[in-house]
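As the structure lists them, so they are numbered: ligands from 1, and atoms in each ligand from 1. Just so it is clear, the structure is predicted and the values come from calculations on it, not from any experiment.
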Amino acid sequence: MDVKYVRTTCPYCGTGCSFNLVVKDGKVCGVQPYHRSPVNEGKVCPKGTYAWEFVNREDRLTTPLIKKDGKFVEATWDEAYDLIAQKFKSFKPDEMACLSSARTSNEENYALMKFARGVLKTPHIDHCARLCHASTVAGLAASFGSGAMTNSILDIAESNCLFILGSNTFEQHPLIGRKIAQAKMNGAKIIYADPRYTATAKQADLYMQFRSGSDVAILNGMMQYIIQNGWEDKEFIEKRTKDYEKLKEVVMKPDYTFENVSKISGIPVEQLKQATEWFAKSEASAILYSMGITQHTTGVDNVKSVANIQMLTGNLGKPGSGVNALRGQNNVQGACDMGALPVSFTGYQKVTDPAAYKKFVDAWGFPDGICESKNGYEVTVMMDVLTDNPGELKAMYIMGENPMLSDPDLTHVEKALKSLEFLVVQDIFMTETAALADVILPATCYAEKTGTQTSTERRVQMWHKAQDAPGDAKLDWQIISELAAKMGYADQFPYQSAEEIFNEIAEVTPSYHGMNYERLEKPEGLHWPCPSTEHPGTPILHIGKFSHADGLGVFHAVEYKPPAEVPDEEYPLILTTGRCLFHWHTGTMTRRSESLHAEVPTGWIEINPEDAEKIGVVDGEIVKATSRRGSVNVPAKVTKDIMKGVTFMPFHFAECAANVLTNNALDPIAKIPEFKACAVKVEKIQEA
Ligand SMILES: Nc1nc2c(c(=O)[nH]1)N[C@H]1C(S)=C(S)[C@@H](COP(=O)(O)OP(=O)(O)OC[C@H]3O[C@@H](n4cnc5c(=O)[nH]c(N)nc54)[C@H](O)[C@@H]3O)O[C@H]1N2
Ligand SMILES: Nc1nc2c(c(=O)[nH]1)N[C@H]1C(S)=C(S)[C@@H](COP(=O)(O)OP(=O)(O)OC[C@H]3O[C@@H](n4cnc5c(=O)[nH]c(N)nc54)[C@H](O)[C@@H]3O)O[C@H]1N2
Ligand code: SF4
Ligand SMILES: [Mo]
């Protein structure tokens with residue numbers, strides 16, 4: 001028997017753990033520790049442990065499929081490419097849109113970005129970052145001039161006080177959770193605020209339970225208390241920031257006394273005082289946040305508030321501090337870095353900046369030019385355009401995303417996607433979205449490819465190919481390149497390997513300029529910015545100055561605003577949504593993993609015992625949950641872990657899909673939907 005170990009990085013979360021894939025007779029059949037990565041030092045969470053189980057499932061997509069008379073029929077690659085090329089050529093550039101994928105490599109995101117802008121010549125390209133950290137990218141760019149996690153994962157263990165807000169770190173970034181545990185062992189105080197008593201809450205020294213959507217009120221209240229007590233970092237404010245007076249004017253209002261904040265949020269005043277004192281008086285305090293902060297109509301405001309409190313207390317640009325936005329998907333940082341966004345090329349070089357635009361026109365050399373120098377539509381806006389302006393968008397190319405389960409208000413998404421004249425989906429499994437496609441292209445998964453991905457801490461690391469692709473499936477970048485060639489652009493897509501694409505990325509992207517595969521082979525990879533081949537990479541951002549042209553951080557005065565939809569008589573409960581430890585998003589991979597499926601076979605709705613008693617339901621009973629968008633039947637989990645008046649559903653499960661209920665109200669700047677708060681009612685199902 002031929003057995004080998006292939007070192008690679010995890011295909012699930014943005015922590016960026018490394019492990020070895022065990023390969024027997026050419027097939028991946030296990031995961032074993034790889035000890036030399038500083039990120040996880042040989043440890044992995046359950047998703048990492050079982051990250052091999054879905055790889056060789058029999059229902060992997062293995063051949064292109066073309067829909068004929070409503071049924072999928074097997075096709076050759078040439079037939080599929082010919083049909084797609086002919087269709088794409090029949091539309092005007094602005095009638096087409098692409099969704100890129102945070103599950104795929106940097107090289108593959110770059111290839112699709114170049115394909116959209118250069119081959120289709122459309123400005124409309126986006127990906128799931130829109131549903132995730134779009135608020136972070138916009139909010140931190142406004143505050144600091146750059147929208148990424150400021151410190152590193154290892155640095156979290158150095159902190160004296162960790163304030164975790166809207167991140168269930170121990171379930172959603174478990175190996176970052178390990179750093180929190182290490183900080184705690186070193187004496188750090190852990191403060192945790194969440195509407196639910198989660199696995200992370202159990203680790204906290206102080207847990208504050210509150211109503212979804214009141215984050216700005218809480219943070220403004222904390223800032224008022226800090227200023228009242230003179231705990232602000234005057235020197236930092238003076239030397240490194242501007243617009244402090246504007247912030248002060250707002251946070252000192254009577255609206256943000258702890259008495260008022262307590263009424264809005266439900267957190268007792270004493271807890272707010274204790275949390276603020278620990279936070280403000282420690283030598284180095286870090287904030288960790290994720291979707292609880294970003295997925296709101298006030299997402300950008302929430303992020304700016306987090307940035308405000310860190311500038312106020314001088315907790316930036318030094319170890320153990322920072323604004324640590326924990327990015328979700330394995331390569332969502334990379335997909336953004338690669339310009340799979342409607343506003344930028346790689347490295348956040350703006351499409352509307354004439355110099356950047358010219359740079360890419362020249363570098364790529366498309367004989368007939370590229371898309372216009374204008375911003376395209378965001379994912380969420382694409383869906384609205386499809387339903388509201390029929391005929392404006394006609395075709396879509398979706399690589400590695402499953403909006404038919406992950407976007408808000410699924411009835412609306414279905415209507416949108418069904419209105420398309422032509423839909424191409426490129427995935428590794430048949431998904432709810434692929435089922436609506438005209439052509440399905442079978443792609444390879446992480447275990448079958450070499451390439452790079454960029455973790456939440458801006459650490460660029462390698463994937464290594466461990467086995468061959470199943471059937472006729474191909475690499476994502478290879479599919480895109482072959483399709484480009486069919487459409488007449490073989491010269492612009494001459495790639496024979498992922499490495500050739502990476503070298504092109506490094507050439508056109510200042511923050512990746514000093515990287516190459518040889519350097520990235522090291523177990524620790526490299527943090528961007530890494531401007532030259534001698535540069536060691538940059539684990540901590542904003543030391544000494546921020547990324548704005550004048551080097552200053554900017555305070556933004558932000559007022560508290562309630563969510564777009566608040567409870568009323570008809571829909572008396574708040575619904576918030578999220579994840580569990582064992583499953584990943586729309587479940588395409590984790591629900592095909594026997595071990596993970598056995599842990600959690602289906603979804604549920606969490607409801608407080610007092611609310612459950614009012615409607616007469618008991619734990620385990622199937623109930624009907626309804627919002628203004630739709631209804632689902634779902635098992636009730638009656639638990640004190642959730643606050644009275646609030647309910648929670650994970651969104652992994654198609655049979656009780658949370659997104660039938662969610663509201664696609666958007667943050668006006670980031671266009672991120674309000675996944676974390678809408679109004680619902682929960683009813684007992686009457687027997688017929
Ligand atoms: N196991 C697993 N891990 C994952 C993922 C997965 O699907 N499964 N997905 C990955 C991805 S893409 C992402 S983006 C991350 C997300 O990681 P997290 O953001 O940590 O996960 P969520 O469960 O979406 O939400 C976090 C917490 O926010 C709380 N919350 C709800 N409403 C509010 C609010 O109004 N304010 C605040 N402050 N908190 C609120 C929820 O109760 C929940 O505990 O996880 C990544 N890791
Ligand atoms: N209610 C609610 N909804 C949410 C959220 C929430 O908190 N609440 N969170 C949102 C967030 S933060 C996110 S990030 C999104 C995620 O939303 P999506 O990105 O749509 O969800 P995934 O299930 O990760 O879909 C990824 C797809 O890529 C495929 N895939 C995996 N690897 C590869 C590959 O190598 N190549 C190709 N071509 N395909 C591949 C998978 O099979 C899967 O179909 O969901 C959002 N939706
Ligand atoms: S913490 Fe994230 S990267 Fe690490 S093993 Fe678990 S899912 Fe994979
Ligand atoms: Mo995400």
note = Going by the 4.0 angstrom heavy-atom rule, the piece of C10 near ligand 3 is side chain
query = Going by heavy atoms, is H296 under 4.0 Å from ligand 1?
reply = yes
query = Under 4.0 angstrom from ligand 1, any heavy atom of Y12?
reply = no
Best match, [options]: closest heavy atom to [atom]:
atom: atom 44 (O) of ligand 1; options: D194, V216, T590, V332; answer: D194
atom: atom 40 (C) of ligand 1; options: G292, A193, P650; answer: G292
atom: atom 15 (C) of ligand 1; options: A677, G328, C13; answer: G328
atom: atom 32 (N) of ligand 1; options: P46, C128, S212; answer: S212

task = State whether F648 and R196 meet the cation-pi test: NZ (Lys) or CZ (Arg) under 6.0 Å from the six-membered ring centroid, and within 45° of the perpendicular axis.
result = yes
key: Within 45° cone and under 6.0 Å: R592 NZ/CZ vs F429 ring   = yes
Heavy-atom pair with the smallest gap, counting every atom of [X] and [Y]:
X: H173; Y: G328; value: NE2-CA, 4.1 Å
X: L661; Y: A625; value: CD2-O, 3.5 Å
X: V6; Y: K465; value: CG1-O, 3.7 Å

Quick check: does any side chain N or O of [X] sit under 3.5 Å from a backbone N or O of [Y], one acting as donor and the other as acceptor?
X: N315; Y: S285; value: yes
X: S101; Y: G400; value: yes
X: E41; Y: H35; value: no

So is there a nitrogen or oxygen of [X] less than 3.5 Å from a nitrogen or oxygen in ligand 1?
X: Q295; answer: no
X: T198; answer: no
X: K47; answer: yes
X: H585; answer: yes

query = Counting from 1, what ligand 3 atoms have a heavy atom of L175 closer than 4.0 Å?
reply = 1 (S)
message = Taking atom OH as the centre, does Y50 end up with more than 12 heavy-atom neighbours from other residues, nucleotides or ligands that are less than 6.0 angstrom away?
response = no
Nearest to [atom], what protein heavy atom do you find, and at what distance?
atom: atom 4 (C) of ligand 1; result: W584 CZ3, 3.0 Å
atom: atom 6 (Fe) of ligand 3; result: C45 SG, 2.3 Å
atom: atom 2 (Fe) of ligand 3; result: C13 SG, 2.3 Å
atom: atom 36 (N) of ligand 1; result: D215 OD1, 2.8 Å
atom: atom 31 (C) of ligand 1; result: T576 OG1, 3.0 Å
atom: atom 47 (N) of ligand 1; result: Q172 O, 2.7 Å

task = Could you go through the salt bridge (Lys or Arg N to Asp or Glu O under 4.0 Å) check for D155 and K179 one step at a time?
result = CA-CA 8 Å; D155 185 61; K179 295 291 162 205; over 6 Å; no
H173 near atom 2 (Fe) of ligand 3 via N/O/S, less than 2.8 Å = no
Please work out whether any backbone atom (N, CA, C, O) or any side-chain heavy atom from C-beta onward of [X] is under 4.0 Å from ligand 1, and answer side chain, backbone, both or neither.
X: A102; answer: neither
X: F210; answer: side chain
X: C132; answer: side chain

message = By the definition side-chain hydrogen bond (donor to acceptor under 3.5 Å, both in side chains), identify the one residue from N324, T136, N302 that meets it with Y289.
response = T136
request  = Test salt bridge (Lys or Arg N to Asp or Glu O under 4.0 Å) on E606 and K640 and set out the steps.
outcome  = CA-CA 9 Å; E606 283 169 26; K640 278 194 205 138; over 6 Å; no
task = Using the side-chain contact (heavy atoms from CB on, under 4.5 Å) rule, pick out the option among I153, T9, L175, L154 that qualifies with V39.
result = I153
ask   = Is there an N/O/S atom in C17 that lies less than 2.8 Å from atom 6 (Fe) of ligand 3?
value = no
